[in-house]
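So you know, we letter chains A, B, ... as the sequences are listed, proteins then strands, and number each from 1. Just so we're clear, the structure is a prediction, and the values are computed from it rather than from any experiment.
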There are 2 protein chains.
Amino acid sequence: MKLSTKGRYGVKAMFDLAQHMGEGPTSLKSIAERQGISEHYLEQLVSGLRKAGLVKSVRGAQGGYLLGREPGKIKIGDIIRVLEGPIAPADCVSEENPDCCAKADYCVTRTIWEKVRDSIVEVLDSITLESMLEDAKKREADSSLYMYYI
Amino acid sequence: MKLSTKGRYGVKAMFDLAQHMGEGPTSLKSIAERQGISEHYLEQLVSGLRKAGLVKSVRGAQGGYLLGREPGKIKIGDIIRVLEGPIAPADCVSEENPDCCAKADYCVTRTIWEKVRDSIVEVLDSITLESMLEDAKKREADSSLYMYYI
DNA sequence: CTTATATCATATTAAATCAGTCGGGATTTG
DNA sequence: CAAATCCCGACTGATTTAATATGATATAAG
């Protein structure tokens, strides 16, 4: 019931890109350093994100990556689906081409996994990089407020 | 983001036990046959469930397993926790002793995993073996009703 | 008392996945 | 040209998964 580092690193990297929008392309090296991730490993993950159009790349010196579209239009679910595959606690309730067993119609167990899947999808598709940025800004404001009162 | 067969087989087996309550102990062999699971493998899983008190065993010929308590008091989350460990999409938000990273307080990514975890827990702890039995009964009624009208 | 039926326990294993690492190309800037 | 950077495929050690194998222990039935 765990995400692999692929999904977690991927979200971190995408959020990092969102935080550095408007500063030109961001290199993997700088993302890897800030987020504490192996650069070569990150390379593999970002390769998938690029093929899915979630990021755009700029080659050569001073190159790097940019978000593929506005942060408000990139859902966490999009990132997870690219890096971890279709969201599903079991193959028989996979978002795409569920590997149906013969009993699917009346299987009581299956309906549990459907509910779990839907609740996960609901969370992951309700959060965008933009909403994360807002969240981070709010937190920063709160913590500086806190600083004044201490 | 997937459950392993441990969790899925475990829920199936527990539901099978619930369906055969009042018929004396149910043998692993019969559960394994009905549910299409390797008996020896199931043995390992049930061993964990027994240690956790979710099932009781009766040794010897005509022996088998019984639910450890009323089906209304066995949540799917209980079963999953025994067989898959604490519910958590990432270690930093594990239900028990979360493996906290230094940035936990202000990590925006972490709050996503918290929300995912909470939504999964909400689903898994809201379903009991009893509610599954009711669900199955209702379905049966519906399908027989359908039979009359066709 | 013996035998068949079960649970209980431990060890082994083949395959897959994870989380990287390594080495070398291709492309662009200065 | 040199340095920075993305791009690509192959390799690897560790862990997990999903079993299988073997044998011991307990009990009901005959």
Donor on one side chain, acceptor on other, Thr5(B) and Tyr41(B), under 3.5 Å: yes
Where the side chain of Ser94(B) meets the backbone of Asp91(B), is there a donor-acceptor pair that is under 3.5 Å apart? no
Just the rounded figure in Å: distance from P of dC18(C) to NZ of Lys2(A). 13 Å
Look only at the side chain of Arg110(B) and the backbone of Asp105(B), and say whether a donor-acceptor pair between them is shorter than 3.5 Å. no
Does Ser126(A) reach the main-chain N or O of Glu122(A) with its side chain, forming a donor-acceptor pair under 3.5 Å? yes
Once you apply a heavy-atom cut-off of 4.0 Å, does Val58(B) come out as touching a base, just sugar-phosphate, or nothing? sugar-phosphate
Could you give the CG-to-P distance, from Asp91(A) to dA18(D), as a whole number of Å? 10 Å
Separation of atom NZ in Lys51(B) from atom P in dC8(C), rounded to whole Å: 9 Å
Which parts of nucleotides 20-30 of chain C does protein reach within less than 4.0 Å, heavy atoms only, written one letter per nucleotide 5' to 3' as B for base, S for sugar-phosphate only and - for none? BBBB-BBBBS-
Rounded to whole Å, CG of Leu42(A) lies from P of dC6(D) at a distance of 9 Å
Of Glu84(B) and Leu28(A), whose closest DNA chain D nucleotide lies nearer the 5' terminus? Leu28(A)
Rounded to whole Å, please give me the gap between CE in Met1(B) and P in dC18(C). 13 Å
How about CD on Glu39(B), more than 12 heavy atoms from neighbouring residues, nucleotides or ligands closer than 6.0 Å, or not? yes
Whole angstrom value for the distance that separates C1' of dA19(C) from CG of Leu83(A): 14 Å
Can you tell me how far P of dT16(D) sits from CG of Leu3(B), to the nearest Å? 17 Å
May I ask you to evaluate whether Ser57(B) reaches the phosphate of dA6(C), defined as a side-chain N or O under 4.0 Å from OP1 or OP2? no
Provide, to the nearest angstrom, the distance between the CG atom belonging to Leu45(B) and the P atom belonging to dA18(D). 10 Å
Among Arg34(B), Glu33(B), Gln35(B), which residue satisfies the side-chain contact (heavy atoms from CB on, under 4.5 Å) criterion with Ile37(B)? Gln35(B)
Reckon Lys29(A) touches a base, only the sugar-phosphate, or nothing at all at heavy-atom distances under 4.0 Å? nothing
Do other residues, nucleotides or ligands put more than 12 heavy atoms under 6.0 Å from the CD atom of Glu95(A)? yes
For a quick test of reading the model: is some side-chain N or O of Arg50(B) closer than 4.0 Å to OP1 or OP2 of dT7(C)? no
N/O (side chain, Arg8(B)) to phosphate O (OP1/OP2, dT17(D)) under 4.0 Å: no
